[in-house]
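Being a predicted model, the structure only gives us computed values, none of them experimental.
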Amino acid sequence: MANIPKSYQPIPGDELPRFAGIATFMRLPHIAATEADEVDIGLIGVPWDGGTTNRAGARHGPRQIRDLSTMARNAHHATGITPFELCNCADLGDTPVNPVDIEDTLKRVEDFYAQVVKQGIVPLTAGGDHLITLPIMRALCRDGPVGMVHFDAHTDTLDRYFGESKYTHGTPFRRAIEEGLLDPERTVQIGIRGALYSSSDKDWGLEQGIRVIEIEEYNELGINAVIAEARRVVGDAKAYVSFDVDALDPVYAPGTGTPEIGGITTYDAQRMLRGLRGLNLIGGDVVEVSPPFDPSGNTALVAVTMMFEILCLLAEIIDQRRA
Ligand code: MN
Ligand code: MN
């Protein structure tokens, strides 16, 4: 077990009550990315929803997720993983964004993550809409394409919107595959459903070799078989986890821009994330929380709980790589 300085521990709830103090991700120290050389896992917000095609609001996600993350605690009740004892974790703040310019934002976010990657920090991100995964991958996957476990109601592999717009939250993984950041044959998409713009929307991803597990097949297979299939597709090489909260049924996560009924339960999502233990993960994100549609705060609580699941996976694999 790593020797973690006390300064990297979350503020204990019995020293400062959970409702008090300045909200950081999981009550961790807030450290500037440029001064985070000792950090193993950086929790990062990307307050951006300029890729959203319908109901916006995910730009407010990081702030509300930080607030609800004060509910997080230290030890995973089912796996026993204690991420803050395995790794130095910190809140690296929000990336720069330009709320009125998509391409400038893509550059700003990529530059921020390039600095994070340069320092050997594994990023765990709170969005933001799903377009943010593209600039993260541009920084993270410069050595060649990675695999991905992608939870979503949507494939996000469409080509263009409104004629020539290449960059929206419906297109990041098309661009990531075109740019050689993502290996389609090592990509699995879980929970896909909802009406399409056209019956041909599915074709491109399938032609590239993406393993698409639509919700009907997911229910037919059952959780354990879906986990086994995800592990088979991704294999042992580097992989990323991307969790769009609209993969979940809107009864659990209504606060999102593009809800689709008939989705995954929160408990099954937790079980699937636990099923990814030991995969060679290099980062992860939880995206599409839209606080204006989340008056109870429950969607943000769901998001931070999924972030904690992913944090446990990252901390365990980083600790194993060191051993
Ligand atoms: Mn998505
Ligand atoms: Mn989606």
Side-chain angles (χ1 to χ4, degrees), residues 10-11 13 16-31 33 41-73 83 89-99 105 108-109 112 123-133 136 151-153 169 241-260 263-264 266 269-270 273 283-311:
I11 299 169
L16 181 71
R18 293 187 173 277
F19 50 82
I22 295 166
T24 59
F25 286 123
M26 302 188 194
R27 295 165 65 86
L28 288 162
H30 176 209
I31 299 173
I41 302 174
L43 285 78
I44 299 163
V46 185
W48 165 260
D49 59 19
T52 303
T53 52
N54 188 3
R55 308 194 306 179
R59 67 178 63 183
H60 304 291
R63 184 169 284 194
Q64 196 181 9
I65 291 170
R66 279 193 180 85
D67 188 8
L68 272 291
S69 80
T70 57
M71 307 287 264
R73 300 207 255 303
C89 303
D91 184 336
L92 303 187
D94 285 348
T95 68
V97 295
N98 176 345
T105 296
R108 287 167 187 245
V109 175
F112 184 96
L124 174 56
T125 301
D129 73 42
H130 221 155
L131 180 58
I132 68 163
T133 308
I136 294 171
F151 299 91
D152 207 319
H169 71 161
V241 187
S242 193
F243 193 105
D244 182 329
V245 291
D246 71 31
L248 301 166
D249 192 277
V251 300
Y252 303 99
T256 193
T258 321
E260 306 284 356
I264 297 171
T266 43
Q270 288 176 290
L273 288 171
D285 60 46
V286 178
V287 298
E288 297 285 355
V289 173
S290 180
F293 295 99
D294 190 31
S296 74
N298 192 60
T299 309
L301 175 63
V302 165
V304 78
T305 310
M306 299 307 164
M307 283 179 77
F308 186 75
E309 295 282 353
I310 297 170
L311 178 69

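Counting only heavy atoms from C-beta outward, the side chains of Pro292 and Arg55 never approach each other to under 4.5 Å. Side-chain contact between Arg59 and Trp48: absent, with no pair of heavy atoms (C-beta onward) separated by less than 4.5 Å. Using a 4.5 Å heavy-atom cutoff, the side chains of Thr299 and Pro254 are in contact. With contacts defined as side-chain heavy-atom distances shorter than 4.5 Å, the pair Ser290/Asp49 does not qualify. Phe308 is listed as a side-chain neighbour of Pro83, based on a closest heavy-atom distance under 4.5 Å.
The two residues Arg108 and Asn98 come nearest to each other via the heavy atoms NE-CB, 3.9 Å. When all heavy atoms of Ala90 and Ile31 are compared, the closest pair comes out as CB-CD1, 3.8 Å. In this structure, Asp249 and Gly263 approach most closely via the heavy-atom pair OD2-N, 2.9 Å. A pairwise comparison of heavy atoms in Pro96 and Val109 identifies O-CG2, 3.8 Å as the closest pair. Scanning both residues, Ile310 and Gly284, for their nearest heavy atoms gives CG2-CA, 4.4 Å. Among all heavy-atom pairs drawn from Gly127 and Pro62, the shortest one is O-CD, 3.3 Å.
Between Glu288 atom CD and Asp244 atom CG the span is 5.0 Å, to the nearest 0.5 Å. Here Tyr252 contributes atom OH and Ile264 contributes atom CD1; the two are 11.0 Å apart, rounded to the nearest 0.5 Å. A distance of 5.0 Å separates CD1 of Ile41 from CG of Leu311, quoted to the nearest 0.5 Å. Separation of atoms CG (Leu16) and CD1 (Ile11) is listed at 5.5 Å; rounding is to 0.5 Å. Atom CD1 of residue Ile132 and atom OG1 of residue Thr125 lie 6.0 Å apart, to the nearest 0.5 angstrom. Of the inter-residue distances, the one linking Thr70 atom OG1 with Ile22 atom CD1 reads 13.5 Å to the nearest 0.5 angstrom.
With Ile65 as the partner, the side chain to side chain contact (heavy atoms under 4.5 Å, CB included) test is satisfied by one option alone out of Met26, His60, Met307: Met307. Of the residues listed (Asp294, Val289, Asp152, Thr266), the one engaging Val245 in a side chain to side chain contact (heavy atoms under 4.5 Å, CB included) is Val289, and it is the only one.
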Report task. Could you walk me through whether Leu301 and Met71 pass side chain to side chain contact (heavy atoms under 4.5 Å, CB included), step by step? Result -> CA-CA 8 Å; Leu301 175 63; Met71 307 287 264; 4.1 Å; yes
Requested in this report: Might you work through the side chain to side chain contact (heavy atoms under 4.5 Å, CB included) test for Val287 and His169, ending with a clear yes or no?
Outcome: CA-CA 10 Å; Val287 298; His169 71 161; over 6 Å; no
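Remark: His130 pairs with His150, Phe173 by the ring pair (Phe, Tyr, Trp, His ring centres under 6.0 Å) rule, at least two apart or across chains. In this structure Phe112 satisfies the ring pair (Phe, Tyr, Trp, His ring centres under 6.0 Å) test with no other residue, sequence neighbours excluded. Under the ring pair (Phe, Tyr, Trp, His ring centres under 6.0 Å) criterion, Phe151 pairs with Phe243, sequence neighbours left out.
Counted by atom type alone, Thr258 and Asn54 present zero donor-acceptor pairs between their side chains at under 3.5 Å. Using modelled atom types, one finds a donor on one side chain and an acceptor on the other under 3.5 Å when comparing Ser242 with Asp285.
In this structure, the side chain of Thr105 does not engage the main chain of Pro99 through any donor-acceptor pair within 3.5 Å. Of the possible polar contacts, none joining the Asp129 side chain to the Ala58 backbone as a donor-acceptor pair under 3.5 Å is found. Put simply, the side chain of Arg27 never gets that close to the backbone of Arg73: no donor and acceptor are under 3.5 Å apart.
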